[in-house]
2 protein chains.
Amino acid sequence: MNDTFKALSDPTRRQIIQLLKERDLSAGEIADHFTISKPSISHHLAILKNAKLVRDERQGQSIIYSLNATVIQEALGWFLGMMGTKGDEQP
Amino acid sequence: MNDTFKALSDPTRRQIIQLLKERDLSAGEIADHFTISKPSISHHLAILKNAKLVRDERQGQSIIYSLNATVIQEALGWFLGMMGTKGDEQP
DNA sequence: TTGATATTTAGATAAACATCTAAATACAGA
DNA sequence: TCTGTATTTAGATGTTTATCTAAATATCAA
């Protein structure tokens, strides 16, 4: 779960997640939304992939990235449990 | 909001939040839960404080740390919005 | 197979970060 | 006011991280 938080600690990567919330995108399409170089975006994608927050699938020349809904939900739940304030536990 | 995620990207700091979920603690009591030095813990506390995730209040010789419930709730909401998967938006 | 497009890998660099020890500050009690 | 306790600040160090350019790999189309 540490990988998840590390992955989310970078603003570019969070923005990538938000983009993928709209629709699946190729690596190049993702890179087009940023000013940093394609290799840098590729690196960020690798980190997101390693954290299993996104999946990739080759489609011809392109590689299409998509959110891994399952792991996103898991992260959401974990975050809720971690951050939930004192009064939240109901026995 | 970037400060929030940066603050949460470190396992020690997440553990501190979990400790403070139980009850308010002095800096020293917090440090006792870890093997790293007190100055290091102090540094982590400063980062959490800067992100407004915790508050501090001097009480005699000690400084008591507590969760800032408001900001925690905000962070929770922001995270939910950020991570929420595609189907989540209901018009 | 050759050429063009899409993406990643390699290698380098500078900035940010976690950690330490030693010293400074703040407070309480005698 | 002196002493002891609690905490933070300063300064140093090694590691991790984000970024870049150049080169490698993979796929498609002619």
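Residue numbers start from 1 in every chain, and the chains themselves are labelled A, B, ... in the order their sequence lines are given, proteins ahead of strands. The analysis underlying the following values was restricted to heavy atoms, covering all of them including side chains, and did not include hydrogens, waters or symmetry mates.
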side-chain contact (heavy atoms from CB on, under 4.5 Å) between B:M1 and B:T4, intermediate numbers included:
CA-CA 5 Å; B:M1 193 52 68; B:T4 308; 3.6 Å; yes
Where do B:Y65 and B:V54 land on the side-chain contact (heavy atoms from CB on, under 4.5 Å) test, with the steps shown first?
CA-CA 7 Å; B:Y65 281 86; B:V54 307; 3.9 Å; yes
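Rounded to a whole Å, the CD atom of B:E57 is 16 Å from the C1' atom of D:dA6. Across the protein-nucleic acid pair, A:L48 atom CG and D:dA18 atom P stand 11 Å apart, rounded to whole Å. Between the CZ atom of B:F34 and the C1' atom of C:dC20 there is a distance of 17 Å, given to the nearest Å. One interatomic measurement links the two molecules: CG of B:D32 to C1' of D:dA6, which rounds to 11 Å at whole-angstrom precision.
Contacts of B:S37 classified as side chain to side chain donor-acceptor pair (under 3.5 Å), with partners at least two apart in sequence or in another chain: B:S40. By the salt bridge (Lys or Arg N to Asp or Glu O under 4.0 Å) test, A:D32 pairs with no residue at all, sequence neighbours left out. Residues passing the side chain to side chain contact (heavy atoms under 4.5 Å, CB included) test with B:D3, sequence neighbours excluded: B:N50, B:A51. Residues meeting the side chain to side chain contact (heavy atoms under 4.5 Å, CB included) test with B:T12, sequence neighbours left out: B:D10, B:I16, B:F34, B:I36, B:I41, B:H44. Residues forming a side chain to side chain contact (heavy atoms under 4.5 Å, CB included) with A:N2 (at least two apart in sequence, or on another chain): B:P11, B:R14. In this structure, the side chain to side chain contact (heavy atoms under 4.5 Å, CB included) partners of A:S26, at least two apart in sequence or on a different chain, are A:E29, A:S62, A:I64.
When the side-chain nitrogen and oxygen atoms of A:S40 are compared with OP1 and OP2 of D:dC20, one or more of them lie within a distance under 4.0 Å. Contact check, A:S37 against D:dC20: a side-chain N or O comes under 4.0 Å of OP1 or OP2. At least one side-chain nitrogen or oxygen of B:H44 sits closer than 4.0 Å to the OP1 or OP2 atom of C:dT19.
Within residues 1-15 of chain B, the residues approached by DNA chain C to less than 4.0 Å at the level of any non-hydrogen atom are B:K6, B:D10, B:R13, in residue-number order.
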Give me the distances for all protein-to-nucleotides 12-14 of chain C N/O pairs that come in under 3.5 Å?
none

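Sequence order on DNA chain D of the closest nucleotides to A:G60 and A:T35 puts A:T35 first from the 5' end.
For the pair B:L25/B:L19, a side-chain contact is recorded, criterion being any heavy-atom separation below 4.5 Å from C-beta on. Counting heavy atoms from C-beta on, the side chains of A:R13 and A:L8 never come closer than 4.5 Å.
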For nucleotides 4-11 of chain C, just jot down a letter per nucleotide in 5' to 3' order: B, S or -, based on protein non-hydrogen atoms under 4.0 Å.
-BSSBB--
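Note on residues 52-80 of chain A: pairs passing salt bridge (charged side-chain N to carboxylate O under 4.0 Å, His left out), not counting sequence neighbours, are A:K49-A:D56.
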